[in-house]
There are 2 protein chains.
Amino acid sequence: MKSTAIALQTAEDSADTGAQQIRDAIRDAIVERRLSPGTKLSENDVGNLFNVSRTLARAALQALSYEGLVSVEKNRGAFVAYPSPEEARQIFAARRLVEPGILREAAARITPSQIQHLKQLLLEEGRLMGERGQTARRAEIKASGDFHLTLAAISGNAIMQRFMDELVARSSLVIALYGQSTISSCGHSEHGDIVAAIERNDLDEACRLMLHHIAHIEADLDLRERKSVGLKEAFEL
Amino acid sequence: MKSTAIALQTAEDSADTGAQQIRDAIRDAIVERRLSPGTKLSENDVGNLFNVSRTLARAALQALSYEGLVSVEKNRGAFVAYPSPEEARQIFAARRLVEPGILREAAARITPSQIQHLKQLLLEEGRLMGERGQTARRAEIKASGDFHLTLAAISGNAIMQRFMDELVARSSLVIALYGQSTISSCGHSEHGDIVAAIERNDLDEACRLMLHHIAHIEADLDLRERKSVGLKEAFEL
DNA sequence: GTGCAAAATATCGTATACAATTTAGCCGTC
DNA sequence: GACGGCTAAATTGTATACGATATTTTGCAC
């Protein structure tokens with residue numbers, strides 16, 4: 001198997017050049033659920049896949065481990081993160097904690113053209129929901145997260161934006177693991193409601209809706225401890 | 001110069017072994033202000049200082065760059081971060097955003113022994129304020145941050161705790177750069193007030209005090225744009 | 001055929017080596 | 001004396017190499 005999916009933006013200004021691209025490519029693959037939780041990411045394989053040395057592969061995996069998307073176990077290797085139910089709860093607790101604040105900040109600074117941009121996103125999201133197929137599903141997942149990330153971007157705080165990046169990405173992992181409903185991106189309409197509340201400047205309501213929205217996503221999860229079923233238990237009985 | 005200051009905790013379970021120690025050592029040096037913003041951290045020097053190869057030095061610097069304590073510029077090297085006034089504002093905005101929430105969560109779960117622990121910290125902090133000398137000053141800086149970090153730990157959310165780690169460390173950098181008053185750790189008494197409010201279960205007041213406290217720290221900063229004064233301007237006139 | 005021990009294999013941890021880029025010094029010209 | 005370009009030194013970017021640790025396989029005894 002040769003290098004399959006690269007094709008990302010050219011480059012940023014910071015960080016080491018090569019590793020960044022690999023990092024982003026893997027990150028996208030995880031967020032779009034082409035890579036399942038627990039999948040082993042050996043440095044050799046990653047390096048071969050992107051035609052770089054283990055050095056760069058390793059750097060990329062390290063970077064991903066800082067965001068919690070990959071867990072590296074000493075002398076054993078790197079794996080796509082497999083968040084525990086407790087971790088999942090903490091991720092959503094963190095989102096409940098920060099997203100209302102981000103929303104308030106964003107609403108305070110939002111411009112008409114940015115509102116337009118948000119609506120554009122919503123439209124796109126709705127369109128994807130109608131389509132069929134894996135690619136549409138993946139795009140939909142991404143679009144669903146993009147709504148929250150765009151709000152963070154509008155808030156104008158780069159630090160919170162980066163944090164939300166991490167939280168949204170990890171949320172995607174959690175949903176992949178524990179999500180029940182087939183509807184991957186829950187409550188598209190809820191996004192619309194939030195925008196509407198922002199537009200009529202009803203911040204308290206917007207925050208309430210945001211919290212409701214997050215709770216709604218979380219409610220779709222089945223966070224019972226799974227005892228790594230891959231063993232004989234799966235076949236007994 | 002040989003290896004000077006190591007002596008940290010032995011090891012953790014995750015991440016690569018060696019780089020972690022170096023990372024922590026440099027991190028401590030930055031937070032305690034033994035390393036000034038803008039100081040160049042060449043991979044060679046770091047490696048020599050800790051008697052490891054550039055590989056590990058590089059990994060440590062990369063890790064620090066993810067926390068925003070070090071900025072690596074492509075093909076130019078790594079430097080102790082020199083946060084811009086805008087960055088400084090965002091750091092404190094982020095703290096105002098998350099710390100009340102963390103405080104509420106912590107207060108809801110806090111046990112008597114943890115309250116005791118907090119008071120212990122306060123005592124230690126007060127003791128250090130009385131002492132003289134660089135080492136006492138450094139310990140005081142660390143203790144001041146530890147109060148906020150302990151609260152995050154008590155909240156029981158590992159994700160928020162890690163985020164606070166980053167925010168507190170970066171705050172230390174900002175204060176080193178833009179702080180005016182000689183009193184490095186402002187408002188020790190404010191920490192005490194917060195604990196008191198928690199103890200009598202007055203959460204709203206505790207949050208109010210926390211926000212006031214953060215604002216107080218920020219008010220001591222002089223966040224005017226400094227046009228990299230290292231040039232001729234410093235000598236003209 | 002099952003269970004354990006030991007070699008073989010795969011994979012990670014770290015160091016070293018080489019290529020590419022930037023920075024500093026030098027020299028000649030204007 | 002100041003400016004511009006050229007060469008040399010220093011520093012980073014990436015690859016390869018070697019030793020250490022974990023995993024799998026093999027072989028043998030029971």
Side-chain angles (χ1 to χ4, degrees), chain A residues 1-3 6 8 10-26 35 38-66 69-82 228 230-232, chain B residues 1-3 6 8 10-26 35 38-66 69-81 228 230-232 235:
Chain A
M1 159 176 20
K2 295 294 276 184
S3 71
I6 310 182
L8 296 175
T10 46
E12 274 93 65
D13 50 331
S14 65
D16 38 340
T17 49
Q20 193 82 348
Q21 289 189 18
I22 299 168
R23 183 190 90 102
D24 288 344
I26 298 178
L35 283 169
T39 304
K40 171 144 194 180
L41 300 171
S42 105
E43 296 177 354
N44 250 317
D45 294 351
V46 172
N48 289 342
L49 188 59
F50 292 95
N51 291 110
V52 297
S53 76
R54 265 185 60 219
T55 307
L56 287 188
R58 183 186 181 80
L61 292 171
Q62 278 299 123
L64 287 165
S65 97
Y66 291 121
L69 291 182
V70 158
S71 84
V72 308
E73 297 175 31
K74 182 173 168 175
N75 274 320
R76 281 192 25 84
F79 305 84
V80 178
Y82 198 104
S228 62
L231 290 151
K232 299 142 203 160
Chain B
M1 172 182 359
K2 296 292 276 185
S3 72
I6 307 181
L8 297 176
T10 46
E12 274 94 63
D13 52 330
S14 65
D16 40 338
T17 49
Q20 195 81 349
Q21 290 189 19
I22 299 168
R23 184 191 88 101
D24 289 344
I26 298 179
L35 282 170
T39 303
K40 169 145 197 181
L41 300 172
S42 102
E43 296 177 356
N44 249 319
D45 294 351
V46 172
N48 290 341
L49 188 59
F50 292 95
N51 292 108
V52 296
S53 75
R54 265 184 58 217
T55 306
L56 289 187
R58 185 184 180 80
L61 291 171
Q62 278 300 122
L64 288 164
S65 95
Y66 291 121
L69 292 182
V70 158
S71 84
V72 309
E73 298 174 31
K74 183 175 167 176
N75 274 318
R76 285 192 22 88
F79 305 83
V80 178
S228 63
L231 290 152
K232 299 144 201 158
F235 294 95

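Each chain gets a letter, A, B and so on, in the order the sequences are listed, and its residues count up from 1. Just the heavy atoms: all of them, side chains too, but no hydrogens, waters or symmetry mates, feed the values below.
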Tabulate atom names and distances for all N/O pairs under 3.5 angstrom spanning the protein and nucleotides 7-12 of chain C.
{"residue": "C:dC12", "atom": "OP1", "partner": "A:Glu43", "partner atom": "N", "Å": "3.4"}
{"residue": "C:dC12", "atom": "OP2", "partner": "A:Glu43", "partner atom": "N", "Å": "3.3"}
{"residue": "C:dC12", "atom": "O3'", "partner": "A:Asn75", "partner atom": "N", "Å": "3.2"}

Just N and O in the side chain of B:Thr55: are any of them under 4.0 Å from OP1 or OP2 of C:dT14?
no
Could you tell me which residues satisfy side-chain hydrogen bond (donor to acceptor under 3.5 Å, both in side chains) with B:Ser42, sequence neighbours excluded, listed by chain and number?
B:Asp45
The criterion is side chain to side chain contact (heavy atoms under 4.5 Å, CB included); which residues satisfy it with B:Ala63, sequence neighbours excluded?
A:Tyr66, B:Arg23
What pairs with B:Asn75 under side-chain hydrogen bond (donor to acceptor under 3.5 Å, both in side chains), at least two apart in sequence or on another chain?
none
With sequence neighbours left out, the residues meeting side chain to side chain contact (heavy atoms under 4.5 Å, CB included) with A:Ser53 are A:Thr55
B:Arg23 CZ - C:dG13 C1' separation (whole Å)
18 Å
Not counting sequence neighbours, which residues clear side chain to side chain contact (heavy atoms under 4.5 Å, CB included) with B:Val80? List them please.
B:Ile30, B:Leu35, B:Thr39, B:Leu41, B:Leu173
